[in-house]
2 protein chains.
Amino acid sequence: MTSSGSGGLSEVDYEALANLRYRIRKFRQFSTKAAEKLGLTPQQHQALLAIKGLRSGAQMSVSMLAERLFVPTASAADLARSLEEHAYVIVDVKQRRRPILRLTDKAEEILRRLTPAHLYEIREMAPELLLALRVLQDHRRMEVAAWMQ
Amino acid sequence: MTSSGSGGLSEVDYEALANLRYRIRKFRQFSTKAAEKLGLTPQQHQALLAIKGLRSGAQMSVSMLAERLFVPTASAADLARSLEEHAYVIVDVKQRRRPILRLTDKAEEILRRLTPAHLYEIREMAPELLLALRVLQDHRRMEVAAWMQ
DNA sequence: TGATTTATATCGTATCACGATATATTTGCG
DNA sequence: CGCAAATATATCGTGATACGATATAAATCA
């Protein structure tokens, strides 16, 4: 039985954490496959989404892309070049110091095609995700709640 | 302004989706670094957690590991061997057909050290994650709610 | 202008994950 | 029993990719 020792870590915690990560992996897996079907690497897709998801007015530079994707600047630069080569972005070099990446119509179209399936997948995984989060937030209360119904 | 056209995709959706993925990446980034500090690759950590998170009684085989991590069986076998080499698991070959991976005390200790920080990180990201999920579930209601306060 | 700082680009390399294939074990059936 | 078929795991070579180190370019400021 669930021994919640002095460390405060119970088997319930581990199970919930493992489930949470499983759901995340499953979502990534789905997203990777979906992107690849349209000829994008997962990184390219995430980059496009990161640009698209900026509040209107905000502009995406290489270094900002690096921050948002948690990759070194060098990797973000590689990525930016590949996005440009595939005509997913145009690089606005009005100010050459901090070139701005702008989505092309091609990229917008791809996002329009990819996103609905993602929203569907998210709604699928949401219940399990929320359950795991709740358990990790306070599983003791959850256990009581489970008893009560 | 947020044009939610016939496609049903608004800028709010994209922003929420981008934020959701940003949070997931941030968590992964944290987890990767934390695991590496203890000498584990991210994959090794996820494998250990997947084993630890099994409901008591359940047993982890190579093929099951492959399923849970969404990797080919070959990759799971590589991983299993590396886990054994580092003495994170012992391979129970009572039935040689489907060897069972069991966590060693070393692995248990590592999980005990890694997990609290992960729970903390999860509690950190939870609010933003939940917000994004709610927006994607039904952002129109959210906008109204935002007006009202 | 020349020096300094900051941002991006280039390039070689090490790592890793995977596909193809081989091996081992169980099962089924004559 | 023994041999074939099915299933699970192991091995190995290779291509992709991400990254560190380094170079280049632009802005800032004295």
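Numbered from 1 within each chain, the chains take letters A, B, ... in sequence-line order. Just so it is clear, the model here is predicted, and its values are computed rather than measured.
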Choosing from [options], which nucleotide comes nearest the side chain of [X]?
X	options	value
B:Arg81	D:dT11, D:dA10, C:dT8	D:dT11
A:Val71	C:dC16, D:dC19, D:dT11	D:dC19
B:Ser61	C:dA9, D:dT9, D:dC19	D:dT9
B:Ser75	C:dG19, D:dT9, C:dA17	C:dA17
A:Thr73	D:dT9, C:dT8, D:dT11	C:dT8
A:Ala77	C:dT10, D:dT17, D:dT9	C:dT10
B:Ala74	C:dT8, D:dT11, C:dT10	D:dT11

> With B:Gln43, which of B:Leu48, B:Asp78, B:Leu83, B:Val71 fulfils side chain to side chain contact (heavy atoms under 4.5 Å, CB included)?
Replying inline: B:Val71
Would you mind reading off the distance between [X] atom [atom1] and [N] atom [atom2], rounded to a whole angstrom?
X	N	atom1	atom2	value
A:Leu83	C:dT8	CG	P	14 Å
A:Leu101	C:dT8	CG	C1'	11 Å
B:Gln43	D:dA18	CD	C1'	15 Å
B:Gln59	D:dT9	CD	P	12 Å
B:Arg28	D:dA18	CZ	C1'	13 Å
B:Met60	D:dA8	CE	C1'	16 Å
A:Leu69	D:dT17	CG	C1'	15 Å
A:Arg98	D:dT28	CZ	P	12 Å

> Under 4.0 Å between a Lys/Arg side-chain N and an Asp/Glu carboxylate O for B:Lys106 and B:Glu109?
Replying inline: no
> Is A:Glu84 salt-bridged to A:Arg81, going by a charged N under 4.0 Å from an acidic O?
Replying inline: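 Result for this pair is no, no salt bridge flagged.
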>> Between A:Gln59 and A:Asp92, is the side-chain contact (heavy atoms from CB on, under 4.5 Å) condition met? List the steps.
In response: CA-CA 10 Å; A:Gln59 297 181 323; A:Asp92 183 347; 5.9 Å; no
> Could you go step by step and tell me if B:Glu121 and B:Lys26 meet the salt bridge (charged side-chain N to carboxylate O under 4.0 Å, His left out) rule?
Replying inline: CA-CA 10 Å; B:Glu121 199 71 14; B:Lys26 188 173 181 182; 5.6 Å; no
> Does B:Asp78 make a side-chain donor-acceptor contact with the base of C:dC18, cut-off 3.5 Å?
Replying inline: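 Such a pair is found, so the answer is yes.
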> Phosphate oxygens OP1/OP2 of D:dT9: is one of them under 4.0 Å from a side-chain N or O of B:Ser63?
Replying inline: yes
